[in-house]
Amino acid sequence: MSIKNEEFRPKIVAFCCNWCSYAGADLAGSSRLAYPADVKIIRVPCSCRVNPMFILRAFEKGADGVILCGCHPGDCHYSTGNYYARRRMTLLFSMLDYIGVENGRTRVEWVSAAEGVKFSQTMNEFVEKIRSLGENVRLGDLRCKN
Amino acid sequence: MQRIGVFVCHCGSNIAATVDVKKVVEMVQMEPGVVHAEDYQYMCSEAGQAKIAAAIHEKNLTGIVVCSCSPRMHETTFRTAAERAGLNPYMVEIANLREHCSWIHKDMEEATKKAVILARAAIAKVNLNTPLKPGESLVTKRALVIGGGIAGIQTAIDIADAGYEVDIVEKTPSIGGRMSQLDKTFPTLDCSACILTPKMVEAASHEKITIYTYSEVDKVSGFVGDFTVDIRKKARSVDATKCTGCGVCQEKCPSKKAPSEFNRGLNTRSAIYTPFAQAIPNVPVIDRDACMKFQTGKCGVCEKVCQAGAIDYTQKDEIVTQKYGAIVVATGFDTIKLDNYDEYAYSQSKDVITSLELERIMNAAGPTKGHLERLSDGKHPHEIVFIQCVGSRCSDDRGKSYCSKICCMYTAKHAMLIRDKYPDVNVTVFYIDVRTPGKNFDEFYRRAVEEYGVNYIKGQVGKVIPQPDGKLLVQGSDLLDNKQILKEADMVVLATAIEPEASVRKIATMLTASIDTNNFLTEAHPKLRPVESPTAGVFLSGVCQGPKDIPETVAQAGAAAVKAIGLLAKDKLMTNPCTAKADELMCNGCSTCANVCPYGAISYEEKEINDHGIREVRRVAVVNNALCQGCGACTVACPSGSMDLQGFSNRQIIAEVDAICR
Amino acid sequence: MKYTYYPGCTLKTKATDLDAYARASAKALGFELEEVENWQCCGGVYPLGTDEIASKLSSVRALNEAKEKGQDLVTLCSACHHVIKRVNNDMKNNADIRTRANNYMQLEEAYAGETNVLHFLEVLRDKVGFDTLKEKVVNPLTGKKIGAYYGCLLLRPGKVLGFDNPENPTIIEDFIRAIGAEPVIYPYRNECCGGYISLREKEMAKNMCDKIKESAAGFGAEMLITACPLCMYNLNKSDEAALPVYYFTELLAEALGVKEEVV
Amino acid sequence: MSHANNQAEKIKAISGVNPLKCMKCGKCSATCPAFNEMDIKPHQFVSYVQNGDIEALANSKSLWKCLSCFACVERCPRDVQPGRLIDAARQIVVRTKGQTGLAPEEIPELLDSEVPQQLLVSAFRRYRR
């Protein structure tokens with residue numbers, strides 16, 4: 001299956017916590033709030049389950065952008081998980097920026113179960129951003145490219 | 001190697017109209033481990049589940065992937081189906097082709113391509129799934145109800161009637177809540193106290209119900225079936241076991257200047273007080289901020305006049321720790337502050353009041369003994385204007401975006417009652433829309449117009465202009481007449497928006513129950529699980545979940561009770577098997593994981609380890625499966641990589657990442 | 001304390017006393033107003049169109065000058081205050097306007113809303129403090145019943161101007177108390193005087209001012225004070241209730257005992 | 001796109017306002033001090049933009065009666081800001097060649113000795129390009 005047009009279609013991985021953001025994505029779906037098919041969601045129990053290793057792996061395997069969505073601060077189903085995620089990602093993203101994976105390619109966003117609109121908007125913005133940044137050339141394992 | 005079956009659901013046309021399901025079936029067959037793939041119109045149906053069972057038997061499947069709707073919808077359905085067919089339920093993964101694919105994309109080719117990738121990710125994960133077995137935990141057969149209004153009282157009575165112990169925690173000195181402040185109730189106009197008081201008495205005298213008034217929840221730990229809660233009984237300064245409720249202390253108390261909370265600050269009360277005459281328990285409290293004894297040390301009148309010797313100035317807050325299997329939140333509502341709506345002159349004129357204040361004014365036990373009068377000069381009003389939607393339906397961040405739901409009906413009630421009791425008073429209602437869905441509701445509103453002559457004007461009010469002579473000039477729109485009208489009024493009543501009681505935020509945080517942007521508690525599912533919080537074992541009763549009137553509140557209170565009873569009726573609960581697990585060989589006992597665990601589920605043991613033939617005693621992490629809720633914080637914190645989460649292991653998630661980025 | 005000061009066109013012509021009393025009072029209160037060099041007229045009204053850039057530039061110039069001096073920008077005329085504060089808000093929060101305005105300006109360093117814009121009344125409230133002002137009053141206006149006339153420009157839109165509660169302001173009332181007089185609160189104090197409409201619709205503006213004055217007099221005001229020359233002009237056209245209208249700075253100078261210096 | 005639609009889009013762009021947010025409560029018209037002078041009332045103004053009837057707005061008296069006092073903007077519960085829509089409609093008119101709300105020759109007779117500069121400047125800004 002080939003994509004009809006030649007425009008750049010990024011690979012984007014979205015980690016969503018089960019309690020808020022995954023439900024927010026479901027709400028975006030049931031409200032038919034479109035966002036590009038470039039976004040693929042991986043369900044995790046909590047944003048704090050996302051190991052920096054997963055994000056490095058995604059970039060290594062050719063992802064052009066990675067977004068992590070969790071419950072709003074104070075609303076984490078496990079009380080404090082999103083605070084851990086926030087701290088870890090702040091460090092990781094600045095390190096990634098340092099080695100050339102621009103800050104725009106990584107993002108943390110709080111999306112509650114009620115925020116279908118926000119989920120869709122965020123994904124649209126993020127895809128737009130990644131499209132403007134173009135293909136990710138850093139960290140990619142050349143053997144993964146076809 | 002797993003033997004995987006993939007089942008692609010059409011969901012009628014919900015998926016199949018946008019995703020080429022046949023193509024998906026064709027593509028996934030090339031994935032490693034897949035030995036079977038088929039599509040069907042409704043996988044969740046009886047027939048669809050039978051197909052899954054048949055394939056499990058015929059093809060000896062060890063894992064299955066269902067490409068269907070969100071796992072939040074039917075994961076349990078398919079897991080149960082797999083289990084019935086002899087497969088471990090945790091060998092099932094869902095690829096969300098509906099909410100995350102077909103519903104948000106239009107282009108079939110693109111959606112199909114994405115569907116295949118989502119299916120691949122799920123297949124890659126299942127390849128690494130291992131059978132998991134849920135543990136068991138015991139259920140404490142006691143429920144906690146937070147909030148003692150009509151919602152909390154009804155829930156407590158229903159649970160208690162089923163034979164379980166219930167505790168009600170109420171932060172004010174009496175149960176009764178907002179309903180006790182109301183005069184009459186719509187649409188039948190029966191007296192609020194007459195129908196509420198018997199319920200209060202029933203709760204108080206029920207042998208299974210314990211009521212903690214003037215108390216707050218301080219701390220919550222544990223999980224569904226086994227919560228441990230600290231209740232702070234605030235110092236009442238009155239010994240409830242001795243007090244006879246004679247009321248002499250309140251009569252003799254020389255400090256009578258504290259604003260009465262019950263009467264919305266329209267009049268004052270004594271420093272030692274019960275909020276209202278029918279209070280339960282009929283035991284006063286001393287408001288220490290208002291009491292001269294506490295403020296200056298000089299007084300002690302109440303102690304002198306109390307024949308029972310119940311006054312105790314030395315009382316301290318007391319913490320009661322209790323275990324519960326289920327918790328029901330019934331914290332109710334308050335009206336919003338009107339600081340952002342000074343155009344209605346609420347802060348500038350005493351004769352501009354909220355509807356809840358009008359309830360107190362209309363009530364025989366209220367500050368005016370039930371006489372309708374202006375609070376500024378005590379005069380009888382001849383013109384009253386009601387303004388609807390004050391702070392409701394506002395998307396401009398001054399007010400609330402939602403409709404408060406009850407205002408249209410209580411305003412019709414107020415208008416009717418006033419016209420009935422005082423035919424000389426003209427009543428005008430400025431409205432945007434009149435919303436009266438409910439049994440006999442619209443008929444009730446129409447009666448206000450047709451039989452009682454209440455003047456309804458479609459249009460919002462722009463400004464209330466106090467006049468030097470004490471009258472109020474109401475400048476509003478008459479949209480049907482396309483006019484701006486100036487109406488002179490003696491009183492203006494604001495249908496003030498309602499919002500969740502402020503304390504709900506703190507309680508939600510303690511319970512890790514989620515709340516929405518308006519501070520209403522979120523339901524587990526807005527339609528199918530409306531009285532349950534997403535947090536297991538926490539249930540919702542009344543306005544804390546969303547605006548509702550009394551009949552709806554009572555209905556929901558009963559529903560919440562049923563859900564709580566359903567939980568308490570079980571002796572044991574299956575626990576989530578997706579818990580953390582430490583690899584003893586790799587663990588170096590550094591305690592990092594225990595530090596990030598919000599549940600205290602990780603402890604350490606000195607254990608003899610056989611590390612490739614070398615036997616030695618090491619300090620290693622051990623996870624208590626009953627306590628672990630499976631958030632995974634520890635797995636990332638672990639520096640040696642020994643901690644992993646079952647069902648969401650590092651390898652599984654990486655496999656998903658790889659499949660998506662392939 | 002030094003502030004960059006933007007007087008505006010009318011304070012240099014028809015309303016010189018509003019300006020002069022303010023300068024004298026500032027001196028008495030121990031702060032200095034340094035006039036913006038070569039200031040240009042703010043335009044009198046804020047250009048509401050999101051695509052209007054050129055008409056916002058004079059404000060940006062004044063704002064940037066204050067930024068370069070590292071000072072807050074003080075205004076006195078309500079209209080200038082309104083325009084400059086809203087333009088500053090655009091420069092801070094509207095990326096499109098910011099970019100386009102900076103493209104015109106070609107400054108060494110782009111301006112992005114860094115300057116703090118204060119109305120003279122805000123200086124009195126937030127920098128000097130009404131308590132301090134009260135202490136410095138030598139000639140309290142005891143017994144005078146004064147109605148504050150805010151009009152629209154100082155208060156609205158409340159979210160942008162952040163000057164005071166737009167429906168129930170207190171700043172001028174507090175000022176009146178500080179100079180020893182008694183404030184009279186009346187409901188029309190934040191209703192429009194007619195503004196620029198009075199150029200052509202004289203009758204309409206007069207009716208509006210009649211209402212304002214009638215309401216103030218009804219609640220017992222003996223005089224009105226304002227911070228806007230246009231409000232002053234419009235209010236004076238109304239002969240309703242013989243209520244004199246003063247600039248607030250005139251009463252301030254009188255209370256501080258520096259009024260004579262100006263004359 | 002038809003001319004009328006085009007004009008409506010222009011008004012939305014210049015004002016930065018989405019008229020669809022309006023819930024027709026009429027608070028703008030309840031608030032407006034110039035209400036009685038207007039032929040198309042503030043709440044109707046919003047509907048006219050919604051319906052793309054810009055011709056009527058351009059020819060309305062209301063355009064020249066709005067005081068830009070922002071009372072409707074301040075009190076609108078939906079953040080529709082009718083005052084901005086009216087100004088945008090005014091802009092569309094005065095930006096059209098040969099159109100103006102205030103001709104220089106009519107000014108002398110409008111003046112008196114007290115008129116503050118501010119009044120002239122403001123009126124010019126609102127009525128002319």
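Everything quoted here is computed from the prediction, not taken from an experiment.
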R505(B) versus chain A, the contacting section by heavy-atom distance below 4.5 Å: side chain

Is it the backbone or the side chain of A637(B) that comes under 4.5 Å from a heavy atom of chain A, or both, or neither? both

Just checking R32(A): does its CZ atom have more than 12 heavy atoms from other residues, nucleotides or ligands closer to it than 6.0 angstrom? yes

Using non-hydrogen atoms and a 4.5 Å limit, figure out which bit of D644(B) sits close to chain A: side chain, backbone, both or neither. side chain

Check this for me: does any side-chain nitrogen of one of E656(B) and K40(A) sit under 4.0 Å from a carboxylate oxygen of the other? no

Select one option (side chain, backbone, both, neither) describing which atoms of A23(A) are under 4.5 Å from chain B's heavy atoms. both

Examine whether an atom of A121(B) lies under 4.5 Å from a heavy atom of chain A, and if so say whether it belongs to the side chain, the backbone or both; otherwise answer neither. neither

Can you tell which part of V50(A) gets under 4.5 Å to a heavy atom of chain B, answering side chain, backbone, both or neither? backbone

Under 4.5 Å to a heavy atom of chain B? For Y84(A) that would be side chain

Identify whether NZ of Lys or CZ of Arg in R107(A) sits under 6.0 Å from the centre of the six-membered ring of F126(A) and within 45° of that ring's axis. no

Heaviest contributor of heavy-atom pairs below 4.5 Å to chain B, chosen from A58(A), S112(A), A113(A), is A58(A)

Looking only at the side chains, is there a donor atom on one of N518(B) and E499(B) sitting less than 3.5 Å from an acceptor on the other? no

Which atoms of N650(B) come close to chain A, meaning under 4.5 Å heavy atom to heavy atom: side chain ones, backbone ones, both, or neither? both

With a 4.5 angstrom heavy-atom cut-off, is it the side chain or the backbone of L118(B) that approaches chain A, or both, or neither? side chain

Should the pair E99(B)-R72(B) be classified as a salt bridge under the 4.0 Å nitrogen-to-oxygen rule? no

Got a salt bridge between E31(B) and R662(B), using NZ or NE/NH1/NH2 to carboxylate O under 4.0 Å? yes

